Amino acid sequence: VLRSLDRGHLDARGDGYLLVVRGNTAAGERILLANLAPTPVKAAVVAKERHRPVLVASDGRNELGDALEGHRAVILG
């Protein structure tokens, strides 16, 4: 999400402890979700985007539930 796009093609927002970065690449939209808290974060954006495939996850798991676990980051396709 971050390495292949310049800042003009990124949209970054904070929602409490949740960082959400959206970017468009030739392969389509990518979304980085990063939970900076030690506890799970349940946010509307997580529930809304959970249908997307997990391309990369900081813990190696390829699923996303209703909440993003503490200190976990995922890139969604």
Side-chain angles (χ1 to χ4, degrees):
V1 172
L2 299 176
R3 83 177 161 162
S4 62
L5 295 172
D6 63 45
R7 290 184 182 159
H9 292 96
L10 294 175
D11 177 48
R13 298 180 190 278
D15 183 1
Y17 286 101
L18 183 66
L19 172 66
V20 180
V21 180
R22 294 178 182 273
N24 285 303
T25 69
E29 183 182 42
R30 300 290 186 252
I31 303 171
L32 166 68
L33 299 176
N35 180 359
L36 305 176
T39 56
V41 169
K42 201 169 194 177
V45 68
V46 176
K48 179 182 173 193
E49 304 298 351
R50 67 176 284 189
H51 70 281
R52 293 175 173 268
V54 175
L55 303 177
V56 179
S58 61
D59 59 3
R61 293 183 300 126
N62 64 350
E63 72 271 346
L64 179 64
D66 289 334
L68 188 61
E69 292 84 356
H71 296 146
R72 183 175 189 224
V74 295
I75 296 177
L76 308 175

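When reading the values below, keep in mind they use all heavy atoms of this one structure, side chains included, and skip hydrogens, waters and symmetry mates. A quick note: this is a predicted structure, and the numbers were derived from the prediction, not measured.
- For the pair V54 and E63, the tightest heavy-atom approach, listed with the atom from each and the gap, is CG2-C, 4.0 Å.
- For the pair V46/V41, no side-chain contact is recorded, criterion being any heavy-atom separation below 4.5 Å from C-beta on.
- You'll find the side chain of E29 stays beyond 4.5 Å of the side chain of E49, heavy atoms only.
- The main-chain N or O of G77 is found under 3.5 Å from a side-chain atom of R52 such that the two form a donor-acceptor pair.
- Residue pairs that meet the salt bridge (Lys or Arg N to Asp or Glu O under 4.0 Å) test with at least one member in residues 68-77, sequence neighbours left out, are D59-R72, R61-E69, E69-R72.
- Contact of the V45 side chain with the I31 side chain is not registered, since no non-hydrogen atoms from C-beta on lie closer than 4.5 Å.
- Of all the heavy atoms in L68 and N35, the pair that sits closest is O-ND2, 2.9 Å.
- Atom CG of residue L36 and atom CG of residue L19 lie 6.0 Å apart, to the nearest 0.5 angstrom.
- What you find for G23 and L10 is that their closest heavy atoms are CA-CD2, 4.0 Å.
- For the pair D15 and R13, the salt-bridge criterion is not met [side-chain N within less than 4.0 Å of a carboxylate O].
- Atom CG of L32 is separated from atom CG of L55 by 11.0 Å, given to the nearest 0.5 angstrom.
- Once rounded to the nearest 0.5 Å, the distance linking CG of D66 with NZ of K42 reads 5.0 Å.
- Of all the heavy atoms in S58 and H71, the pair that sits closest is OG-O, 4.1 Å.
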